[in-house]
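One structure is given below, encoded as C-alpha cells.
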There are 2 protein chains.
Amino acid sequence: MTAAPHWVDRAPGLGGLDGQTRRQLEAIRPITIPKGHVLFRPGDEVTCFGVLIGGRVDVYLTGATGREILLYSITPGESCVQSTLGLLGEDDYSAEAVAETDVEAVMIPRSLFLSLLGTSEAFRTFVFQAFAKRLQSVMQVLERVAFIRIEARLAAALLERADDSGLVRATHQELATAIGSVREVISRRLEILSKKGLVSLDRGTIQVASRTGLAALLT
Amino acid sequence: MTAAPHWVDRAPGLGGLDGQTRRQLEAIRPITIPKGHVLFRPGDEVTCFGVLIGGRVDVYLTGATGREILLYSITPGESCVQSTLGLLGEDDYSAEAVAETDVEAVMIPRSLFLSLLGTSEAFRTFVFQAFAKRLQSVMQVLERVAFIRIEARLAAALLERADDSGLVRATHQELATAIGSVREVISRRLEILSKKGLVSLDRGTIQVASRTGLAALLT
DNA sequence: CGGCCTATGTGACCAAGTCACCGACGAATT
DNA sequence: AATTCGTCGGTGACTTGGTCACATAGGCCG
C-alpha cells in the first residue's frame with residue numbers, strides 16, 4: 001500500500017525545508033476539527049500557529065450589531081494569519097474563525113513557531129507570503145465594500161460560487177455575509193436578477209442561468 | 001556641538017541590531033521628499049523598502065469612481081508595508097501614498113532588504129511587527145466602514161484630530177476621506193453637530209465645543 | 001396533523017451616497 | 001479697489017442600501 005504523503009508535503013508553501021526543520025514539524029500530529037466548530041472568537045488569546053491541511057475555515061469580522069463579513073477563507077496549505085498577528089504583535093484575535101467543513105490542521109506551538117522563524121528561511125518565507133497574501137485580500141475586501149455597488153458584488157459572488165452546472169449552494173444570508181451586506185437586500189437583488197432571467201431561485205440554492213449576463217454587471 | 005542621532009537610532013523598532021547590519025543600514029543616506037509628493041500610485045512597481053524618518057505619509061485606497069479612503073498614516077520609525085507586500089509577494093502597489101508634510105525617508109534596496117531579512121533577527125522583527133500592525137489597522141478600517149455609522153466615525157475623527165484647544169484643521173473633504181465617506185455627507189453631519197452646539201464651523205477648521213458631547217456619539 | 005426551525009418575502013422607514021449646481025471666501029493679479 | 005480664479009462649503013432632488021417588524025412558506029419530525 002502507498003502511504004498518504006506526510007502533511008508537510010501537502011502544504012504547498014513549505015517546500016525547501018532543511019532537514020532539521022522538517023523533522024521538528026513532522027513530529028507534530030495533525031488534529032481534526034468537526035464542521036461548524038468555532039476555532040477562535042474575538043478576544044481569544046493566541047497560543048498556536050495554525051496550518052490547515054484539509055477542509056476549509058472561514059474567517060469573519062463581526063460588528064457590534066452582530067453583522068458579519070467574510071474576511072477570507074483558509075484552504076489547505078494555508079496558515080492562519082490571525083495567529084501570526086497574535087504571536088508577533090502580542091494581540092488577541094479580533095476575528096472569528098469557523099470550520100466550514102471537517103478540518104484537518106496542524107497547530108505549531110508559539111515557542112517552536114518563533115524559533116523556526118529564526119532558523120528556517122523556508123519557514124520564514126512561508127509565513128511572510130501568507131501574511132502578504134492576507135493583507136492584500138483584506139484590502140480587496142475593503143475596496144469592494146467601500147467602492148463597489150451591491151449588484152456587482154453579488155454577481156461576482158454568484159459567478160465565483162457556481163459549480164459547473166451553474167448551481168450555487170448558498171442561502172441569501174450566506175451570500176450577504178460573503179459580500180458585506182444583509183439578507184433583505186440580497187433577497188431583493190436576487191429577485192430582480194431572477195426577473196431579468198439571469199438566475200432562478202430555490203430554497204437554499206441559486207441556479208445561474210446566464211453567466212455572461214451576470215458578468216455584464218461586474219463593472 | 002552635539003550631533004543629531006543617526007537615523008537608525010530614530011527608528012524605534014530597530015533596536016538591538018547587530019554591528020554588521022547596523023553598518024549596512026548606516027551606509028544608506030536618507031532622502032527628503034517635498035510635501036505633496038506622491039510616493040507611489042496603484043500599479044507602480046515596488047523597488048525599495050521604505051522607512052520613514054521624519055514627517056508623515058498617508059496611504060489611500062482609491063476606488064474606480066475616484067473616491068479615496070485613508071488606509072493608514074506612516075509616522076517616523078515606521079516602514080511602508082506596501083513595499084513589503086511588493087517585495088515579498090511580487091505584486092505591484094495597489095494603493096497611493098502621499099507625503100502630507102516634507103518627509104525624510106530611507107530607501108532600502110530590494111537586494112539588501114531580502115538579505116537583511118535572512119541575517120538579522122532584529123530587522124526581521126521590525127518588518128514583521130510593522131506588517132502585523134498594518135494588517136490590524138486595515139482590518140479596523142474595514143470594521144468601521146462596514147459596521148459603524150457615519151456620525152460615530154466622524155465624532156471619533158474629530159476627537160482624534162483636535163489639538164489641546166479643541167481645534168481641528170481639516171476640510172470637510174479631508175475628514176470624508178479619512179473615514180471613508182463623501183464631502184456632502186460630512187458637511188451635513190457637521191451642520192447637525194453645530195446645531196447641537198457640539199462644534200462650531202469655519203472655513204478649513206472645526207472647533208470642538210464639547211468633547212464629552214462628541215464622545216457620547218461614539219457608541 | 002401540528003409544532004418548530006430555517007429560509008425567504010415585504011412594506012415602511014432611515015441612513016448614506018450621487019449628481020448638479022450655487023455661493024462664499026481668499027489669494028493673486030491688474 | 002476691482003477682477004479673476006481656485007478652493008471650500010451649502011443645498012435640493014434623487015438613488016441605493018440598511019434597518020425593523022412581521023408575514024409566509026417549506027421541510028422535518030414527533
Side-chain angles (χ1 to χ4, degrees), chain A residues 36 61-69 141-158 161 167-195 199-207 217 219, chain B residues 35-36 61-69 141-158 167-196 199-207 217-219:
Chain A
L61 197 57
T62 308
T65 60
R67 259 180 72 192
E68 295 193 324
I69 180 170
V141 172
L142 176 57
E143 187 169 357
R144 284 196 255 265
V145 169
F147 300 134
I148 312 282
R149 64 188 195 289
I150 291 285
E151 189 179 50
R153 281 188 270 159
L154 178 57
L158 290 174
R161 289 160 179 252
L167 193 68
V168 178
R169 291 178 198 282
T171 65
H172 299 182
Q173 178 61 61
E174 284 164 357
L175 288 169
T177 297
I179 67 173
S181 179
V182 295
R183 182 188 59 80
E184 297 92 319
V185 171
I186 300 304
S187 289
R188 285 171 180 144
R189 282 286 148 192
L190 283 173
E191 204 198 325
I192 295 172
L193 294 182
S194 117
K195 279 182 181 157
V199 302
S200 54
L201 305 177
D202 239 318
R203 191 183 172 86
T205 63
I206 295 110
Q207 175 66 46
L217 301 176
T219 54
Chain B
K35 173 176 174 173
L61 197 58
T62 307
T65 60
R67 262 180 71 191
E68 295 194 323
I69 180 169
V141 171
L142 175 59
E143 186 170 358
R144 284 196 255 265
V145 170
F147 300 133
I148 312 282
R149 64 190 196 290
I150 292 284
E151 188 179 48
R153 282 189 270 159
L154 177 57
L158 289 173
L167 193 69
V168 178
R169 291 177 197 283
T171 66
H172 298 184
Q173 178 61 60
E174 285 166 356
L175 288 169
T177 297
I179 68 173
S181 180
V182 295
R183 183 187 58 81
E184 296 93 318
V185 171
I186 299 304
S187 289
R188 286 169 179 145
R189 282 286 147 194
L190 282 173
E191 203 198 326
I192 295 172
L193 293 182
S194 119
K195 278 182 181 157
K196 284 196 204 167
V199 302
S200 53
L201 306 177
D202 237 319
R203 192 183 171 86
T205 62
I206 294 110
Q207 174 66 46
L217 301 176
L218 291 183
T219 56

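Quick caveat, the model's predicted, so the values are computed rather than measured. Reminder, nothing fancy here: chain letters follow the sequence lines and each chain counts from 1.
- Nearest heavy atom pair, residue Arg144(A) against residue Arg153(A), reads O-NE, 3.6 Å.
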| task | Report the C-alpha separation of Ser187(A) and Glu191(A) in whole Å, then their side-chain angles, then the decisive distance to 0.1 Å, and conclude whether the side chain to side chain donor-acceptor pair (under 3.5 Å) test is met. | result | CA-CA 6 Å; Ser187(A) 289; Glu191(A) 204 198 325; over 6 Å; no
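- Between the CG atom of Leu201(B) and the C1' atom of dG10(D) there is a distance of 11 Å, rounded to whole Å.
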| Which parts of nucleotides 11-16 of chain D does protein reach within less than 4.0 Å, heavy atoms only, written one letter per nucleotide 5' to 3' as B for base, S for sugar-phosphate only and - for none? | BBB---
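- If you take CG on Leu154(A) and CD1 on Ile206(A), they are separated by 8.0 Å, rounding to the nearest 0.5 Å.
- Between the CG atom of Leu175(B) and the P atom of dG17(C) there is a distance of 14 Å, rounded to whole Å.
- Between the CD atom of Glu151(B) and the P atom of dA15(C) there is a distance of 9 Å, given to the nearest Å.
- A distance-only check finds a donor-acceptor pair linking the side chain of Thr177(A) to the backbone of Gln173(A) [under 3.5 Å].
- No side-chain heavy atom of Asp202(A) sits under 4.5 Å from any side-chain heavy atom of Gln207(A).
- Atom CD in Gln173(A) sits about 12 Å away from atom P in dG18(D), given to the nearest Å.
- Separating the CG atom of Leu190(B) from the P atom of dC8(D) is a distance of 15 Å, rounded to the nearest angstrom.
- When each of Thr171(B) and Ile148(A) is assigned the nucleotide of DNA chain D bearing its nearest heavy atom, the one mapping closer to the 5' terminus is Thr171(B).
- The CD1 atom of Ile192(B) sits 9.5 Å away from atom CZ of Arg188(B), with the distance rounded to the nearest 0.5 Å.
- If you take NE2 of His172(A) and P of dG18(D), they are 16 Å apart, rounded to a whole angstrom.
- Ile69(B) has its CD1 atom 14 Å from the C1' atom of dA16(C), to the nearest Å.
- Note on Ser181(A): only backbone sugar-phosphate atoms sit closer than 4.0 angstrom, heavy atoms only; bases stay farther off.
- Rounded to whole Å, the distance from CG on Leu154(A) to C1' on dG17(D) is 13 Å.
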